[in-house]
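For reference, the structure is listed below as structure tokens.
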Amino acid sequence: MTTQAVRLDALPHQDRRLIRFAGADLRRFLQGLLSADIHALRPGFAVPAAILTVKGKLISEVIVLCDADDSIALAVPAEIAASVAGLIERHIVMDDVTIGFDETQRFALVWPGSVAVVAGVHGYATRHPAPGQLLVADELGLTAALAGVTVASEDEWNRHRVVEAAPAWGHEIVADSFPPEVGFVAAVSYDKGCFMGQEPLARIHARGQVNRVMVRVRAAMLPAAPLTLAAPDRPTAGRWTTWASDPAGAVGLAIVHRSVAVPGTLLAAEGVGAVEVCSGPLGDDPGVPGKQRAATVQLGKR
């Protein structure tokens, strides 16, 4: 397959801003703030994480970047970067932590494979916002790193995410959702100890399931915008959130009620017709092995 790349600032909702940190308490501070295990970071890797409310609902997703010098930075959605930075600052009380925006950095994702990293460009193996190599550099550096690389279209980007079951901010991942509802369990460490919003997620993990999950879908036609999905006994069975062209019409990702997250289930969408669910839940909380799951958890009854 041909290696291709897409700049994140060319995609809806995917542009990023970089928050840099300093201070002796940084790792301990981020370990208590983010859902990912900061102590497990490895240089050259990017990991997904979430900033949650105390009720376990998403405020923002973030990409945690770890460099060879053991420094840590966060790539946050540009559209809410200022509010995310403000929230982080408000949580710094007695901690030796300082933060600052680096407005010069731009981001791109390369897949499959990788490109050679030139001076001034940082490359990270990542699974979010989709599997590939995440490049971070200023405008000149990013342009140099991507020279000669095939530019992927938004449709190709969406198809890559559908194949890899990779949810994206502003599409599947939205504020006020539990990570398991939007296929984002990869951002949550269930054995790292306490973090903001940990208790509700631990209860879901141990005793229940969320009502909504992410699935793959397909249809004969491409939608023009996100669509409500209906089942015969459930008029709002879900929402088609990502779509890409396919020889048979369209494929995509959707957030649906767990009761319809069964391959072969047919849903209806206005203007598109029949939409077939073609996977079970993706990025869902698998629960504690060996424990019987309740039908649903009673958190956020949706």
Side-chain angles (χ1 to χ4, degrees), residues 11-14 35-36 47-50 52 56-63 77 126-132 157-190 197 200-201 204-205 208-219 222-223 225-231 234 236-244 246 250-269 272 275-287 293 295-297 299-302:
L11 300 167
H13 307 295
Q14 301 312 301
S35 61
V47 300
L52 305 169
K57 300 291 189 72
L58 279 154
I59 296 172
S60 177
E61 51 90 275
V62 303
I63 305 171
T126 191
R127 64 186 300 174
H128 183 73
W157 153 257
N158 285 338
R159 190 178 305 110
H160 179 49
R161 291 201 300 107
V162 172
V163 169
E164 298 291 346
W169 175 257
H171 297 271
E172 295 71 41
I173 304 172
V174 294
D176 201 36
S177 299
F178 292 117
E181 289 183 314
V182 294
F184 201 43
V185 162
V188 180
S189 170
Y190 291 101
L201 295 188
I204 294 172
H205 186 60
Q209 297 173 329
V210 290
N211 293 331
R212 304 243 163 205
V213 292
M214 185 176 76
V215 296
R216 291 190 188 91
V217 295
R218 61 188 173 200
L222 278 167
L227 292 176
T228 297
L229 300 174
R234 192 178 289 274
T236 54
R239 188 168 178 80
W240 192 347
T241 50
T242 290
W243 52 89
D246 180 77
V251 293
L253 298 173
I255 306 300
V256 302
H257 193 271
R258 186 178 290 275
S259 63
V260 301
V262 179
T265 299
L266 292 180
L267 305 174
V272 173
V275 178
E276 181 183 356
V277 177
C278 46
S279 78
L282 303 168
D284 185 24
D285 181 354
R293 306 299 299 279
T296 56
V297 70
L299 298 169
K301 301 178 184 178
R302 287 188 281 179

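- Taking both residues in full, the closest heavy atoms of V185 and P286 are given as CG1-CD, 4.5 Å, listed atom of the first, atom of the second, then distance.
- Just one of L201, V182, D284, D285 meets the side chain to side chain contact (heavy atoms under 4.5 Å, CB included) condition when paired with V210; it is D284.
- Taking R216 as the reference, nothing meets the salt bridge (charged side-chain N to carboxylate O under 4.0 Å, His left out) condition, with sequence neighbours excluded.
- Rounding to the nearest 0.5 Å gives a distance of 7.0 Å between CG of L227 and CH2 of W240.
- Residue T236 holds its OG1 atom at 7.5 Å from CZ of R234, rounded to the nearest 0.5 Å.
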Carefully, step by step, assess L267 and V277 under the rule side chain to side chain contact (heavy atoms under 4.5 Å, CB included). CA-CA 8 Å; L267 305 174; V277 177; 3.9 Å; yes
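- A search for salt bridge (charged side-chain N to carboxylate O under 4.0 Å, His left out) contacts involving R159 returns D155, not counting sequence neighbours.
- Minimum interatomic distance between W169 and Q14 (heavy atoms only, all atoms of both residues): O-NE2, 2.9 Å.
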Give the intermediate values and the outcome of side chain to side chain contact (heavy atoms under 4.5 Å, CB included) for residues L229 and I255. CA-CA 9 Å; L229 300 174; I255 306 300; over 6 Å; no
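- Distance check: I173 CD1 to H128 NE2 gives 4.5 Å after rounding to the nearest 0.5 Å.
- In this structure, P226 and T241 have side chains that are not in contact, with every pair of non-hydrogen atoms separated by 4.5 Å or more.
- A donor-acceptor pair under 3.5 Å is formed between the side chain of S35 and the backbone N or O of A50.
- Scanning all heavy atoms of the two residues, the minimum distance from P167 to E172 falls at CA-OE1, 3.4 Å.
- The CZ atom of F184 sits 10.5 Å away from the CE atom of M214 when rounded to the nearest 0.5 Å.
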Please report the C-alpha distance between R218 and V251 in whole Å, then the side-chain angles of each, then the deciding distance to 0.1 Å, and finally whether the side chain to side chain contact (heavy atoms under 4.5 Å, CB included) criterion is met. CA-CA 4 Å; R218 61 188 173 200; V251 293; 4.3 Å; yes
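- The main-chain N or O of W243 is found under 3.5 Å from a side-chain atom of N158 such that the two form a donor-acceptor pair.
- To the nearest 0.5 angstrom, H171 atom NE2 is 5.5 Å from R161 atom CZ.
- Rounding to the nearest 0.5 angstrom, the gap separating the NE2 atom in H257 from the CD atom in E181 is 10.0 Å.
- The shortest non-hydrogen separation linking L52 to P179 is CD2-CG, 4.0 Å.
- Minimum heavy-atom separation, A49 to A36: CB-CB, 3.6 Å.
- For A186 against P48, the heavy-atom pair with the smallest separation is O-CG, 3.9 Å.
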